[in-house]
Structure formats: structure tokens, C-alpha cells
Visitor: 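This is the structure, below, for whatever I ask next.
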Amino acid sequence: MDGKFLKPYDPASTEDKIYSLWEKSGFFDPDQCVKVGVTAPDAETFCMLMPPTNANGSLHAGHGLVMTIEDIITRYQRMRGKRTLWLPGLDHAGFETQVVYEKKLEKEGRTRFEIPPADLYKEILDFTLTNSANIKSQVRKMGASCDWSREKFTLDPAIVRTVYNTFAKLSADGLLYRGKRIVSWCPKHQTSFSDLEIKDEERTEKFYYLKYGPFTIGTSRPETKFGDKYVVMHPADKRYAQYKDGQKIDLEWINGPITATVIKDEAIDMEFGTGVMTITPWHDPVDFDIAERHGLDKEQIIDEKGKLLPIAGEFAGQHISKVRALIVEKLRVKGLVEKIDENYKHVVRTCYKCGTTIEPQVKSQWFVKMKPLAEKALEKIKNKEVVYIPEHYEKITEHWLGNIMDWNISRQIVWGIPIPAKICEKCGEGYVDLDNKITKCAKCGGEVRKDNDTFDTWFSSSQWPFASLGFPDSPDFKNYYSTDVMETAGEIIFFWVSRMIMLGLYVTGEVPFATVYLHGLVLDGKGQKMSKSKGNVINPLDLTAKFGTDAFRMGLVVGNTPGTSLALSEDKITAYKKFVNKLWNISRFVFTETENTAFVEDFDSWTADDRKLEEELSRLLTDVTTDMENFRFYMAGEKLYHYAWHRFADVILEESKKTLKEGTEDEKNSKKQLLLLILAKLLKALHPFIPFVTEEIWSCMLIPGKRLLIVEKWPGK
RNA sequence: GCACCCUUAGCUCAGUUGGCUAGAGCGUACGCUUCACACGCGUAAGGCCAUAGGUUCGAACCCUAUAGGGUGCACCA
């Protein structure tokens, strides 16, 4: 027996050694497995893509969970003999990364608005590359057995080309348009967003009743009302029956006399306020729709930075957040304030990143028509071509797909994939232009310039399943698409999962994956969300250093059901550290008692008792295999834990002591083979969960013709 | 407002298609250095499975209602 078993298991001196053993073996690469004969060339394939990691920081506990679950799946499938590919990748993560970088700039006293775009891009690229090296070493530390030789980055030229082709295809199929539409605009970040990037926040604010000629209008935002020249009411509202659609009324308003026009529209809720409102089409989606329906003028009141334009008269140039009180005071002096409701509760749309109030703006942006894509996806989901774990995510997805809005895919940031298009200077029309050929606007003949915007990062990551496998003609795409499992965070089910299904289906005609496994959040030990400001962020590397990667992995997976969040406490990880050590000591006992005894694969001289124990283990492993097949890793892990400690160690091992001391030769032989057999099978079954310690113990077993444990056969049926 | 989820031991959570005495980890109490392991061993305490009805031979599990907690979506100025 190796002398190291006389001391407790030491992860620090083991893990790096074992990982490089795996890497050198080439077994992460399915082609290599076939080449050296551990996998049959015609074996069934299994493919899972690692959600491309945001290359803007370092790994957090959530990544630890992703790497653990996905590695468990991968190792299990590989041991089952499948040609198993787990493809790693990195995401440039457009806006997310730019925000992180802007914070860094802020600390240095700089802002992105003073850096030439090309220079900024270069800076962020350097930043990303530095981070990604860091991230990759952390992923290795978690024990991830992904195929590094196939690693992809969302900015790889081949990926970008695929994204461009999809953009052009959408255009050719009439699913892409550039429109002057109202978009959600963050004045701080100075970019537009899709509807998913908006966070609703309930606020209690004042609600103002203002005199508008013969009417009283209600508003929570008097500072936007300078240009309001349309007054809208419901056509069926009897209170205002005397006013006709299109009727002009002269009245006194904030900065002097104006002529207002009466509009009748059914969008008005007669119950709300006074049943009359004025509209600000440039800065409100509902107002915009009304203006579109009636062909009304739209005027910009607030600029992109949130400051009032000249139309605001004396208030021009001031930031809207500062002038509300001043404007209300002016209105009050003019006698236009009727009353103020102090406790008006409503929902304000804010930037999910910085919490700044969204100021809608009318802008020309690229939109994808989502309905046709969503309908096809919905059909596949209902047919169970994509299966959700946990199940209820299917309903949530169907609800979202059934009510989908068009997707604004352009962002006014430099960090991202540039949109390959030309924009007409004169009329604003846009043209998809992959080959940089267009020089004149086909509509008005005006000069065109390059589109300076970039794609929403989700537009590229939604194409990840086929793009990363080399669509359309690489062998990997043919072998591995459509993939088997998509394992990711429940949080990004709309952002990413649903869009992957839609775009995958649209571009390749096939759903991109058969099963979606969604995990929940990793919370701190008290069940609170981790955040830098609370100071409760758990760094995975600290935990692997303190307890060992195997213990950390067990702590992340046992008791963690899909879709629900997990409270991760050090106590729990400590428990699994002890378990890993227990396994170490079990091995020490077995090795001591079976010194110089080789494991016999097809041993047939069992005692009746040992035969029963062997069958008991087989039953357990069958059970565990069922759990693995059904993604119940939390159960499989717990069952193996329980068996190893409370059955094998506490009972089987204890009882064996007597036999090994007092039994006949046959009984001793049978018992030794049993101990070796159980240990071997247990190591195999536990390997996906705790790969390092099992591989290390395995290396000390006396088994003729054994390979690395990572490619041994899974012991259950 | 609509949808979805949750409520089980002091804490964090399992409990698969309804079926033995409802489980685990941590924690707690008491006792053990027993020749694999004190990162250990043994023993014990601790639960009206949110509440009220219903279905059933049988319910933590299925149905209905209620209460509390959470999440997502949609919004009216």
C-alpha cells in the first residue's frame, strides 16, 4: 500500500497532478478516445455545449455549479461509452463586459465617451483576453473535462461569419427590418435595450392633475409635457362627447399659448384619472402607438443624455431629474395645477444594470420579427422535441413565446460584433451589406455610411449551438448537432434558451438540443443572494483551496434539485470534505486487508453472504443509473454517499474484520474480492461527482489492464 | 391584474408513479483515543409534513379553498 494513505487525503497535492494526467491522456477529446480504442468508432454521440462564460471577470459560485453539473453529465456519458463532447467557450458578453470595463475606467477617472471607438474596442479586447486566461485556469481547477482543443470564442472569425449569414438570411426572408421605433433607452449607458433588459421597479410618487384648456389631465411626469399638443380621450366617453376628433382648441400651457388637437382613441382607460391625457409620442410607447395610428407629429423633448431640448424654453439644457419641482412650481404660479395626489403607486421601468429610469426614445434600430420564429419553436416544444427540467419551465416558456415582441438587436456600444450594414444619411434606411458593396441608398439615392452599432450579445450567443459546432459543413456539426443537453441558469431562459431554440430551428431546421436542464441560483449560507455590496460573495477558488474541489463539487450538487436555488454553506462543504477523507480511509483499509491480492474481474467463488452483498450493490447501482439518466444527480450523489459511509464502511467493512481474521481461506478470499469489487465499483460510480480523489485511489488499485478511471466503464445498468 | 413556484426536524433541504415506523447533512445532548479513519465511532432527543375541507382501503404526495413567502410577465397618462 502506498504510504500516502497513512495521512489524510490532501487535495492540494493531488488535484493539479490528476488534471494534467487527464489532459495529457487526450480523453477529453472524443476523437482521441476513439483513436486509442476506449470508445467504439460507431458509438452513440453525446454533446453538450458549455454556456459561453462571460469573459469579463472571474468565476463565481454559480459557475462552480455549472462546471460541476456539466462535468458530472459529461463524465457519466463518457463512462457509458458514448463519444462524448463537452465544448467549452467564452462570450465577449457585449454590454455586460462594457459595463464592467466602464466601471474600471471610472476608477481611473476616464469615460468611454472620450475614447475613440477603435481604441476602446482594443482596450476591452485586451481586458477580455487577460480575463479569459484566468477563467480557463479556474475552469480547470473545477475539474471540468471539456475538450479544450475545440474551444470557441464568440468573436472568432468563423462564429462572426455565421452570425452575419444569419443576419442576412433574416433580411432575405423578410424577418428583419430597420424601423424608426420607440426603444428603451438608458441615458446613463447611452444604448437601447430589448424588453428583457428592463427591470420594473415599483415606486410611490406624486401624481399631478393639470389644467389643459377645458380638460384636466393626469401625469406623473410633468417635465415631459412641453410639446404635448394632442389631447386624447376614449370615443365612447360620454363626459367628453361634445369634443370631436380633430377639433382644435387654443389653450394656455407651460410656456405660453398653444393649439391642441382632440384625438379619440380606444387605448384610453376611462376609469383612470380623468379619462383624458395628453401624449408625448417620442418618449412613451403607448403614446407612440397612438401617434402612429393617427399619423400625428412626434417631437423629441429629451435628448439622449436625459437633458431637455430647446422646446423646453427656459428649462432647456437641464437634466429631467432636476427640473420637475421647478416646472410644477411654474405651472402652479400659472394656476394650471388642479391637485396633486401624493401617494401614487406605479411601476417605473429602469435599466437592469444601473437602475437609471429608462427614457424611451424614437430611434432607427434593427428589429427581428419574432412571431414567425416563436410559432415554430412553440410547436416543437409542445411536441416535446425539447424537454425541460424542471418541467414547469416549459409552461413559462410557452407563455413567453406566445406573447413575444419584436427583438431590438442593435446596441449603441463599441464592444460587440459590428452590424454589417449601411445606413442612409438622408432617410435613415438600412441595408444589410456583408461584402461592403452598397454605396447609395436605393430608396432616396442618398449617401450611405457604415452602421456604427453592434449586435445585442444575445443575438450571437443564441446561435451558439450551431455556430460553435461549425455550421454548416464541419464534421463536428454533422456528428454532434443537434446536441443532447443544454445545461444553464433558469434566469436566462428567455434571454438565451428560448432564443437558441428559435434561431437554431430557423437556421438549421432542427432544435438545437433535446433537453434543457435549468439550475437555480447559488446563494450564501443564509440563503441570501450573493452581491459585492453585501460582501457575501463566495469565491470558488477559496473553497477548492480550503476543502478540495471534490468536496466543493459534492456540496454544490447534493441536495440541489434543478430549478431551485441552493444555499451554500461552509458547513456543508466541510461535511463532504470529511466524506472524501472517509473514502480515502475506506481505501486504506481495503488495500491493507487485500495486500498482494489482485482484483479478479469474474470471480465466481462467492460465499452466500458475499453474493448477497454483491447483488445489493448491483441493485443500488441500477437505481443510481436511473437517477443519472433522469438528471437526478442530487439523489444519485446522496445514495452513493450513504452507501459508501453507512453501508460499506459502517457495516460491510466492520463485519469483514471478523471473517478476515477468523474465516476459512475460501471465506477470506471471497471477502477480499468483495471488498475490492465494491471499492472499484464505488470509485467508478462516484467518479463523475468527485473525480480527483477517485482517480487518485484508482491509480493505487491492483487491477490488470486497467485504464484511467475517467474512461472506465460505468458500473450500473 | 395574470401566470408559475414554494410552505416537511433548531437550520438548509430531499422525499421519483399515492403504499412499511416520513429521510439526509449541519446543529444539539451523552458516552467513547475500539488495531482504516477524532476529517472518527456509538447512542439519543427532535416532525399534527402551513391551515381547512374533499377523493381513496390508504394522502407529505391528487382535488378545492384559505393564509404566508418567492419569482416571472403585463400594464393607465
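Labels below follow one simple rule: chain letters A, B, ... track the order of the sequence lines, proteins then strands, and each chain is numbered from 1. The model shown is predicted, which means the values in this text are computed figures rather than measured ones.
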Visitor: Is A:Thr561 close enough to B:A14 that one of its side-chain N or O atoms is under 4.0 Å from OP1 or OP2 there?
Guide: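 Answer is yes, contact under 4.0 Å.
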
Visitor: Which is true for A:Met405 with a 4.0 Å heavy-atom rule: it touches a base, it touches only sugar-phosphate, or it touches nothing?
Guide: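 Contact class for A:Met405: sugar-phosphate only.
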
Visitor: Using whole Å, report how far NZ of A:Lys578 lies from P of B:A38.
Guide: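 So the two atoms are 12 Å apart, to the nearest Å.
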
Visitor: In whole angstrom, give the distance that lies between atom OH of A:Tyr576 and atom C1' of B:C26.
Guide: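 Interatomic distance, OH of A:Tyr576 to C1' of B:C26: 10 Å.
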
Visitor: Ignoring backbone atoms, test whether A:Lys639 places a side-chain nitrogen or oxygen under 4.0 Å from the OP1 or OP2 oxygen of B:U16.
Guide: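 No.
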
Visitor: Provide, to the nearest angstrom, the distance between the CZ atom belonging to A:Phe648 and the P atom belonging to B:A36.
Guide: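 It is 14 Å, rounded to the nearest whole Å.
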
Visitor: Could you tell me which nucleotide pairs with B:U64 by Watson-Crick or G-U wobble geometry, both distances under 3.5 Å, or answer none if nothing does?
Guide: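 Across any shown strand, B:U64 pairs with B:A52.
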
Visitor: Name the closest nucleotide to the A:Met277 side chain, picking from B:C73, B:A77, B:A74.
Guide: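 The answer is B:A77, which lies nearest to the side chain.
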
Visitor: Please work out which residues in residues 649-661 of chain A have a non-hydrogen atom less than 4.0 Å from an atom of RNA chain B and list them by number.
Guide: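 When residues 649-661 of chain A is checked for heavy atoms under 4.0 Å from RNA chain B, the hits, listed by number, are A:Ala649, A:Asp650, A:Leu653, A:Glu654, A:Lys657.
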
Visitor: I want to check one thing: is the phosphate of B:G25, taken as OP1 and OP2, less than 4.0 Å away from some side-chain N or O of A:His646?
Guide: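 The answer is yes; a side-chain N or O of A:His646 sits under 4.0 Å from OP1 or OP2.
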
Visitor: What nucleotide among B:A36, B:C73, B:G25 has an atom nearest to a side-chain atom of A:Phe494?
Guide: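 The answer is B:C73, which lies nearest to the side chain.
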
Visitor: When you measure from the side chain of A:Tyr212 to the backbone N and O of A:Asp228, does any donor-acceptor pair fall under 3.5 Å?
Guide: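 Side chain of A:Tyr212 to backbone of A:Asp228, a donor-acceptor pair under 3.5 Å: yes, one is there.
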
Visitor: Does B:G15 have OP1 or OP2 under 4.0 Å away from a side-chain N or O of A:Tyr634?
Guide: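 So the side-chain polar atoms of A:Tyr634 do come within 4.0 Å of the phosphate oxygens OP1 or OP2 of B:G15, strictly under.
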
Visitor: Against A:Ser498, only a single residue in A:Leu378, A:Leu373, A:Ile493, A:Val516 fulfils side-chain contact (heavy atoms from CB on, under 4.5 Å); can you say which?
Guide: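 Result: among A:Leu378, A:Leu373, A:Ile493, A:Val516, A:Ile493 is the only option passing the side-chain contact (heavy atoms from CB on, under 4.5 Å) with A:Ser498.
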
Visitor: Which nucleotide in the list B:A36, B:A77, B:C26 gets nearest to the side chain of A:Ile268?
Guide: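 Between B:A36, B:A77, B:C26, the one nearest the side chain of A:Ile268 would be B:A77.
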
Visitor: When you check the phosphate oxygens OP1 and OP2 of B:C41, does a side-chain N or O of A:Trp645 lie under 4.0 Å from one of them?
Guide: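 The answer is yes; a side-chain N or O of A:Trp645 sits under 4.0 Å from OP1 or OP2.
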
Visitor: Measure centre to centre between the rings of A:His519 and A:Tyr517, then say whether the value is under 6.0 Å.
Guide: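 Here the rings of A:Tyr517 and A:His519 have centres that are no less than 6.0 Å from each other.
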
Visitor: Expressed in whole Å, how much space separates the C1' atoms belonging to B:C62 and B:U56?
Guide: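 Roughly 10 Å separates the two C1' atoms.
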
Visitor: Is the shortest side-chain N/O distance from A:Lys582 to OP1 or OP2 of B:A38 below 4.0 Å?
Guide: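 So the side-chain polar atoms of A:Lys582 never come under 4.0 Å of the phosphate oxygens OP1 or OP2 of B:A38.
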
Visitor: Check the distance between B:C26's P and A:Phe579's CZ and give it to me in whole angstrom.
Guide: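 Taking CZ of A:Phe579 and P of B:C26, I get 12 Å after rounding.
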
Visitor: Under 4.0 Å, heavy atoms only, any strand: does A:Thr274 hit a base, just the sugar-phosphate, or nothing?
Guide: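 The answer is nothing, as A:Thr274 stays clear of every strand by at least 4.0 Å.
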
Visitor: Who does B:U21 pair with, Watson-Crick or G-U, both distances under 3.5 Å?
Guide: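 The base-pairing partner of B:U21, which may sit in any strand shown, does not exist here.
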
Visitor: Using purine N1 to pyrimidine N3 plus N6-O4 or O6-N4 for Watson-Crick, or N1-O2 and O6-N3 for G-U wobble, both under 3.5 Å, which nucleotide pairs with B:A3?
Guide: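 Result: B:U71.
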
Visitor: Are the side chain of A:Arg553 and the backbone of A:Pro688 linked by a donor-acceptor contact shorter than 3.5 Å?
Guide: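 Side chain of A:Arg553 to backbone of A:Pro688: a pair is present.
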
Visitor: Give A:Lys199 one of three labels, base, sugar-phosphate or nothing, depending on what nucleic acid heavy atoms sit under 4.0 Å from its own.
Guide: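 Answer is sugar-phosphate: A:Lys199 comes under 4.0 Å of backbone atoms only.
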
Visitor: Calculate the interatomic distance between A:Ile586 atom CD1 and B:G40 atom P; express it in whole Å.
Guide: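 Roughly 12 Å, once rounded to whole Å.
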
Visitor: Hunt down the Watson-Crick or G-U wobble partner of B:G58, both distances under 3.5 Å, from any strand shown, or write none.
Guide: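 Looking at the geometry, B:G58 pairs with no nucleotide.
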
Visitor: Assign A:Phe591 to base, sugar-phosphate, or nothing according to its heavy-atom contacts below 4.0 angstrom with the strands shown.
Guide: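 Contact class for A:Phe591: none.
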
Visitor: Side chains of A:Ser184 and A:Arg349: donor-acceptor distance under 3.5 Å anywhere?
Guide: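 Looking only at side-chain atoms, A:Arg349 and A:Ser184 do form a donor-acceptor pair, the distance falling under 3.5 Å.
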
Visitor: Between B:U34 and B:A29, how far is it from one C1' atom to the other, in whole Å?
Guide: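 Their C1' atoms lie roughly 22 Å apart.
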
Visitor: When you compare B:C57 with B:G70, how far apart are their P atoms, in angstrom units rounded to a whole number?
Guide: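 One P to the other, the span is 40 Å.
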
Visitor: Which pair of non-hydrogen atoms, one from A:Val522 and one from A:Gly62, has the smallest distance, and what is that distance?
Guide: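 In terms of heavy atoms, the two residues are closest at CG2-CA, 3.9 Å.
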
Visitor: Using the C1' atom as the reference point in each nucleotide, state the distance between B:C26 and B:A9 in Å, no decimals.
Guide: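 The same atom, C1', in both gives a distance of 12 Å.
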
Visitor: If you look at every strand shown and take non-hydrogen atoms under 4.0 Å, does A:Asp571 touch a base, only sugar-phosphate, or nothing?
Guide: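 Counting heavy atoms under 4.0 Å across all strands, the contact made by A:Asp571 is with sugar-phosphate only.
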
Visitor: Looking at A:Asp610, A:Thr594, A:Thr659, which one forms a side chain to side chain donor-acceptor pair (under 3.5 Å) with A:Lys671?
Guide: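 When side chain to side chain donor-acceptor pair (under 3.5 Å) is applied between A:Lys671 and each of A:Asp610, A:Thr594, A:Thr659, only A:Asp610 qualifies.
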
Visitor: Do the side-chain N and O atoms of A:Thr549 and A:Glu15 include a donor-acceptor pair separated by under 3.5 angstrom?
Guide: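 A:Thr549 vs A:Glu15: donor-acceptor pair found between side chains.
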
Visitor: Could you tell me which nucleotide pairs with B:C41 by Watson-Crick or G-U wobble geometry, both distances under 3.5 Å, or answer none if nothing does?
Guide: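 B:C41 is paired with B:G31.
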
Visitor: Roughly how far apart, to the nearest Å, are B:A36 and B:G31 at atom P?
Guide: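 Their P atoms lie roughly 25 Å apart.
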
Visitor: Please report, rounded to the nearest Å, how far the C1' atom of B:U12 is from the NZ atom of A:Lys572.
Guide: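 In whole Å, B:U12 C1' and A:Lys572 NZ are 7 Å from each other.
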
Visitor: So, for A:Tyr243 and A:Pro214, which heavy atoms are closest and what is the spacing to 0.1 Å?
Guide: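 Minimum heavy-atom separation between A:Tyr243 and A:Pro214: OH-CB, 3.3 Å.
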
Visitor: Between B:G72 and B:G18, how far apart are the C1' atoms? Round to whole Å, please.
Guide: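 That atom pair is separated by 31 Å.
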
Visitor: With RNA chain B as reference, determine whether A:His399 or A:Arg632 sits nearer its 5' end, using the nearest nucleotide of each.
Guide: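 Result of the comparison: A:Arg632.
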
Visitor: When you match A:Asn585 and A:Lys395 each to their closest nucleotide on RNA chain B, which lands nearer the 5' end?
Guide: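 Comparing both residues, the 5'-ward one is A:Lys395.
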
Visitor: Using a 4.5 Å cut-off on heavy atoms from C-beta on, say whether the side chain of A:Phe5 contacts that of A:Cys700.
Guide: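 Yes, side chains in contact.
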
Visitor: Enumerate the residues from residues 203-224 of chain A whose closest heavy atom to RNA chain B is under 4.0 Å, giving them by residue number; use none for an empty result.
Guide: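 Those residues whose heavy atoms fall under 4.0 Å from RNA chain B, taken from residues 203-224 of chain A in numerical order, are A:Gly218, A:Thr219, A:Ser220.
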
Visitor: Before accepting this row, confirm whether a basic side-chain N of the pair A:Glu593/A:Lys672 lies closer than 4.0 Å to the acidic partner's carboxylate O.
Guide: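 Looking at A:Glu593 and A:Lys672, the cut-off is not met.
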
Visitor: Measure from CG on A:Asn581 to C1' on B:C41 and round the result to the nearest Å.
Guide: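 That distance rounds to 15 Å.
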
Visitor: Closer than 4.0 Å, any side-chain N/O of A:Thr574 to the OP1 or OP2 of B:G25?
Guide: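 Answer no for this pair, as no side-chain N or O of A:Thr574 is under 4.0 Å from OP1 or OP2.
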
Visitor: Could you give the distance from OG1 (A:Thr597) to CG (A:Asn669), rounded to the nearest 0.5 Å?
Guide: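 These two atoms lie 7.5 Å from each other.
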
Visitor: Would you measure the distance from the P atom in B:A60 across to the matching atom in B:C49 and give it in whole Å?
Guide: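 The answer is 7 Å between these two P atoms.
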
Visitor: List in chain and number order the residues that pass side-chain hydrogen bond (donor to acceptor under 3.5 Å, both in side chains) with A:His294, two or more places apart in sequence or in another chain; answer none if no residue qualifies.
Guide: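 If we apply the side-chain hydrogen bond (donor to acceptor under 3.5 Å, both in side chains) test to A:His294, skipping adjacent residues, the hits are A:Asp265.
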
Visitor: Rounding to the closest angstrom, what is the interatomic distance between B:A59 and B:A22 at atom C1'?
Guide: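 Looking at atom C1' only, B:A59 and B:A22 are 12 Å apart.
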
Visitor: Specify the separation, in whole Å, of atom CG of A:Asn560 and atom P of B:C26.
Guide: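 For the pair A:Asn560 CG and B:C26 P, the rounded distance is 18 Å.
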
Visitor: Under a 3.5 Å cut-off for both distances, is B:C26 Watson-Crick or wobble paired, and to whom?
Guide: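 Pairing partner, where one exists within any strand: B:G10.
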
Visitor: Looking only at side-chain atoms of A:Met635, point me to the closest of B:A14, B:C39, B:A36.
Guide: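 For A:Met635, the side-chain atoms sit closest to B:A14.
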
